[in-house]
Amino acid sequence: MSITHTYIQELSQKIGETVTLKGWVSNKREGKGIVFIVLRDGTGFCQCVVTAETASNQGLESAQNTRLETSVIVNGLIKTDEKQIGGIEVEVQQIEIIGDSVDYPIAKKEHGVEFLMDQRHLWLRSTRQWAIMRIRNTIVFSIHNYFQKEGFVQMDAPIFTGNACEGTSTLFETDFYGSAAYLSQSGQLYGEAMAMAMGKIYTFGPTFRAEKSKTRRHLSEFWMIEPEMAFYDIFQNMDAIEGMLQHVIKDVLANCKHELDTIGRDISVLESSLGSFPRMTYDEAVRIIKGEQDVNGQNSIKLLEAELKAAESRLSEIDAEIADREDQINAGGMKKGQINFFTAKINELKQEKSDVEEDLRNIPQWLNSARNFEYGNDFGGSDETVLTKLFDRPVMVYDWPHEVKAFYLKRNPEDMRFARGVDVLAPEGYGEIVGGGERETNVDSLIEKIHEHQLPMSEFEWYLDLRRFGSVPHSGFGLGLERVVTWICKLKHVRESIPFPRMYGRLTP
RNA sequence: UCCUUGAUAGCUCAGCUGGUUAGAGCGAGCGGCUGUUAACCGCUAGGUCGUUGGUUCGAGUCCAACUCAGGGAGCCA
């Protein structure tokens, strides 16, 4: 196939040439006799200038007739201009409208989440979403590269399953030729079978959880990467997790500079995450959460209390600034443009205010949960938040009380109270991005655990076979793709990390 | 399932303790301005205030239930 046009990505190599660009109008500003179009073509954004002088009256008229998201073919001369995106500007000679765009719903203005989610099919075109999806793509590609480089074989676990694998979370039930089937909540057990065949494998596929969770880190449908390695113990497992995450972070830093910049990501935490991850036992983590043990001179409880105070004083600052700006507007004598600017600022402050108020409602609960944390319990979302705020890189917590973890985890042979699970918690309050561990190898211990968890033995016979025929030490983990994307991009909510999120109350678009 | 916050114009919001015909900005339409980067000027159109019921002389405003949405708990990646 011959390519008949140039992509915006390539423009820096084409300065002084006349090229054809095909894309959409992502932004437009007009003056008398001049139109500025910010064109996007999927590979990037660039400003195109249309005047009658270079594009004729007809060209100028076409440009004036474009609207947001009108598709166009543009012919023009590539020039340098320091002030523009990428330092490049197109002096348009010809412009042709391909598809009009009447009443495009997403304006050059702040919108609420519900509205944007309803427009998700169009929202994906916006600069920020474009950048996030490009970073997601880099992460996906990097994960594959890492495992392929390390000799892993990619294999897929089934999506229809006969029963709940870990017996804990709520699953989506479907009809499978007349009998109940569930959408997979994890491919892990199958991953173990595949690892016994291939040595090292990884799955990469969708996962479903039917929990009615309404939080910023839950989806009903998400993508999970689950490696499983024969002859790996929990410590080799942690090496693999760290190696993979750092490989991904390195690739994002190397290949997504412009995208990270577009979404305003401060990359210092990503950079420090290239240093080795702290590894701590559950015991130690609990002491830190309860404030009994400091980390780098910081104390979890004091940190939270400080955050609460900071939120309180920020709130009064915001109120004062809003009042001040409103007074200035009401005082009169202000130009309309300035009033607009002030109003926009006030709206921004109000948005921040409601976020701060949310924090003020949540932090006391978290403080309470941290202070009263009961040894032996699993961590809640807030406990993870508290712990990770103390570190500038992901933290690995291993050796959990066996009662709170899945039935298939191996017990620490030196202290049977603990199971060899490991959770990786992302910094900046993001919480769990990886969960994994070393698997139980002994048939009898597994049978005992299955009884203990009251799971249907018949469904696990095939799984027990893996221990009956050449059982070996093995480990693996599950990486939540969207959670990694969310952390690396520092998004407020996972729903922005996937093209079409599926969550409680959201099935369209 | 529980706790919590909210629902007013296409969008983002205001509407104080219930009181005459419901407001602003943006966007849209029209007109004016050759270089803009959410900061220009003027005019025009646009709302049975989420739904149902109640209190009241009178409800966008108070009460109840419901629906939907935001955040959190539980559960987890």
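In what follows, chains are A, B, ... by sequence order, proteins preceding strands, each numbered from 1.
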Enquirer: How does protein contact run along nucleotides 1-6 of chain B, one letter per nucleotide 5' to 3', with B for base contact, S for sugar-phosphate only, - for none, heavy atoms under 4.0 Å?
Expert: B--SS-
Enquirer: From the set B:rG35, B:rG70, B:rA14, return the single nucleotide nearest to any side-chain atom of A:Lys350.
Expert: B:rA14
Enquirer: At under 4.0 Å between heavy atoms, what does A:Ser382 touch on the DNA or RNA strands: base, sugar-phosphate, or nothing?
Expert: sugar-phosphate
Enquirer: Is A:Gly431 touching bases, backbone alone, or none of the nucleic acid, heavy atoms closer than 4.0 Å?
Expert: nothing
Enquirer: Do A:Phe379 and A:Trp400 have ring centroids that are under 6.0 Å from one another?
Expert: yes
Enquirer: Of all the nucleotides listed (B:rA69, B:rC76, B:rG70), which has the minimum atom distance to the side chain of A:Arg209?
Expert: B:rC76
Enquirer: Quick one: does any side-chain atom of A:Glu384 pair with a main-chain N or O of A:Tyr430 as donor and acceptor, under 3.5 Å?
Expert: no
Enquirer: Taking only N and O in the side chain of A:Arg217, is any of them less than 4.0 Å away from OP1 or OP2 of B:rC76?
Expert: no
Enquirer: A:Arg67 near the nucleic acid: base, sugar-phosphate alone, or nothing, with a heavy-atom cut-off under 4.0 Å?
Expert: sugar-phosphate
Enquirer: Counting the atoms with a prime plus P, OP1 and OP2 as sugar-phosphate, which does A:Leu479 contact under 4.0 Å by heavy atoms, base, sugar-phosphate, or nothing?
Expert: nothing
Enquirer: Does a side-chain N or O of A:Arg495 approach OP1 or OP2 of B:rG70 to a distance below 4.0 Å, or not?
Expert: yes
Enquirer: Phosphate oxygens OP1/OP2 of B:rG70: is one of them under 4.0 Å from a side-chain N or O of A:Lys214?
Expert: yes
Enquirer: Check if the side chain of A:Glu89 and the base of B:rG35 share a donor-acceptor pair of N or O atoms closer than 3.5 Å.
Expert: yes
Enquirer: Which nucleotide, B:rC75, B:rC11, B:rU36, lies nearest any side-chain atom of A:His111?
Expert: B:rC11
Enquirer: Got a sec, which residues hit ring-ring contact (aromatic ring centres under 6.0 Å, His included) with A:His402, two or more places apart in sequence or on another chain?
Expert: none
Enquirer: A:Asn372 side chain to A:Asn368 main-chain N or O, any donor-acceptor pair under 3.5 Å?
Expert: yes
Enquirer: Between B:rG71, B:rA77, B:rC68, spot the one nearest the side chain of A:Phe222, thanks.
Expert: B:rA77
Enquirer: A:Phe418 vs A:Tyr282 aromatic rings, parallel, tilted or perpendicular, using cut-offs 30° and 60°?
Expert: tilted
Enquirer: Reckon A:Leu481 touches a base, only the sugar-phosphate, or nothing at all at heavy-atom distances under 4.0 Å?
Expert: nothing
Enquirer: Measure from the side-chain heavy atoms of A:Gln84 and tell me the nearest of B:rU37, B:rG72, B:rG70.
Expert: B:rU37
Enquirer: So, under a plain 3.5 Å distance rule, would you say the side chain of A:Arg506 forms a donor-acceptor pair with the base of B:rC68?
Expert: no
Enquirer: If we ignore angles and hydrogens, is there a donor and acceptor under 3.5 Å between the side chains of A:His247 and A:Ser142?
Expert: yes
Enquirer: For B:rC76, does the base pair up with any side-chain atom of A:His218 as donor and acceptor (N or O, under 3.5 Å, distance only)?
Expert: yes
Enquirer: Per the atom types in the model, does the base of B:rU36 pair as donor or acceptor with the side chain of A:Glu30 at under 3.5 Å?
Expert: no
Enquirer: At under 4.0 Å between heavy atoms, what does A:Glu482 touch on the DNA or RNA strands: base, sugar-phosphate, or nothing?
Expert: nothing
Enquirer: So if I take every side-chain heavy atom of A:Ile34 and compare against B:rG72, B:rU34, B:rA77, which nucleotide ends up nearest?
Expert: B:rU34
Enquirer: Under 6.0 Å between ring centres: does that hold for A:Phe147 and A:Phe204?
Expert: no
Enquirer: Name the residue closer to the 5' end of RNA chain B, choosing between A:Met503 and A:Gly435 according to the nucleotide with the nearest heavy atom.
Expert: A:Met503
